[in-house]
Amino acid sequence: MNMKHARITVLGLGAIGRTLARTLLEAGREVTVWNRTPGKAGDLVSRGAREASGVGEAIEAGGLTVACLLDDASVRETLAPVLPAFTGGPLVNLTSGSVRQARELARWLDGHGVRLLAGGVLAVPPTVGTEAASVLYSGPRDLFDRVAPALSPVGRPHWVGEDPGFASLYDMAALSGMYGMSAGADHAVALVHAEGGDVEAFKREVLQPWMEQMLAIIAGEADVSVSVPEEYNAAMQATGLENMISASGEAGVPAELSGHLRASLWRMRRAIAAG
C-alpha cells in the first residue's frame, strides 16, 4: 500500500473524527467520510474528501476503515447491517470504550472475517496532527505494522500489545491521570479564589511551575502497593491532607472538588495500617 495515497474511510464526524479526516486529507490520503447526521462534511468535501451516502458505500470506498463514533453501541449499530458484505479491509476503532467492549468487538468482527486494530487517541482536537498527539493501538502486530504508517499523520503511533483491550485500558488509565491533575488544579484555584487570592497570579507564578516540577516525580513513582516510601512519612502526609480538606471546607469550597485529596488520604491511612 502506498501510504501517501492510502484510501481511508472515516466513520463519524464528531470533533475528533472531523479533525482526523482533515489531517489525513492534508497529508495526501484519499479520504471518504460518512456521518449518521448529514450536513457535517461540507468543509471536508471542499478539501477533497468524498462524502458517502451510506455506511456500505463508505466502507467499500476505503482500503482501511476508521471508526470514530460516540460509543461501542454506535459502532455495532453502524456496522451490523454491512458486516456480511464488509469489503473495506481492516477496521481501526478509535471510539472510546471499555476493555471488555474492545475485546468483545474484536471477537464479533473476527466472526465476520474482519480484523480489528483497536485504538485510543491521546489528543484533543487542536493537537491532532501535531507532535503533541499520539495514538495507542492494540491488536495483531502485523496489522499495526501495515496500517500505522497510513494513520501516522494523526499522531505518533504506539502499539501496546496483542490484546485488543489494551489500547482502551491504557487510554482510560492515561485519562484518569489527566483528570486527576485537572481536578487538583481546579480545587487549587477554587481554594485561592474562595479566600480572595489573585487566581491568575497564583496559576502563573505558583501552580503551573509547581505542577511541572512535580509531574515527572508523580508519574514515575505512581504505585499500586500498600506501602508509601519511608521518606514520605505516611502519617505526616495524612495529617497534611486532613489539614487541606479542613481548609477547603472552611473556605466553602464544594466537597466534591476535594475528592482527589480524600483518595490520597485513603492511601496514606492504608499505608499506616499496614505498618
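As the structure is a prediction and not an experimental result, all values here were calculated from the model.
Residues passing the salt bridge (charged side-chain N to carboxylate O under 4.0 Å, His left out) test with K203, sequence neighbours excluded: E200. Residues forming a ring pair (Phe, Tyr, Trp, His ring centres under 6.0 Å) with H112 (at least two apart in sequence, or on another chain): W108.
For R141 and D145, the salt-bridge test passes: some basic side-chain N is under 4.0 Å from an acidic carboxylate O. For R115 and D142, the salt-bridge test passes: some basic side-chain N is under 4.0 Å from an acidic carboxylate O. Taking 4.0 Å as the cut-off between side-chain N and carboxylate O, E242 and R262 do not count as a salt-bridged pair. Note on K40 versus E51: no salt bridge recorded, every NZ/NE/NH1/NH2 to OD/OE distance being 4.0 Å or above.
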Counting only pairs under 3.5 Å, give me each side-chain donor-acceptor contact of residues 74-90, with atom names and distances, residues two or more places apart or in other chains.
| unit_1 | atom_1 | unit_2 | atom_2 | d |
| --- | --- | --- | --- | --- |
| S74 | OG | L70 | N | 3.3 |
| S74 | OG | D71 | N | 3.0 |
| S74 | OG | D71 | O | 2.6 |
| S74 | OG | D71 | OD1 | 3.2 |
| R76 | NE | D72 | OD2 | 3.3 |
| T78 | OG1 | R36 | NH2 | 3.3 |
| T78 | OG1 | S74 | O | 2.7 |

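Using modelled atom types and a 3.5 Å distance limit, the side chains of S152 and R156 yield no donor-acceptor pair.
One distance of note links CG of L215 with CD of Q213; it measures 11.0 Å at 0.5 Å rounding. Distance check: S182 OG to L175 CG gives 11.5 Å after rounding to the nearest 0.5 Å. Between E30 atom CD and R50 atom CZ the span is 10.5 Å, to the nearest 0.5 Å.
Residue pairs meeting the side chain to side chain donor-acceptor pair (under 3.5 Å) criterion with at least one partner in residues 163-178, sequence neighbours excluded, are R103-D163. Screening residues 191-250 for ring-ring contact (aromatic ring centres under 6.0 Å, His included) gives no qualifying pairs among residues at least two apart or on separate chains.
Put simply, L20 and L117 are part of the same group of oily side chains (I, L, V, M, F, W, Y) that touch within less than 4.5 Å, one to the next.
Under the ring pair (Phe, Tyr, Trp, His ring centres under 6.0 Å) rule, Y137 has a single partner from F166, W159, F144, which is F144.
Hydrophobic cluster membership of V224, counting Ile, Leu, Val, Met, Phe, Trp and Tyr whose side-chain heavy atoms lie under 4.5 Å apart directly or via other members: none, as it forms a cluster of its own.
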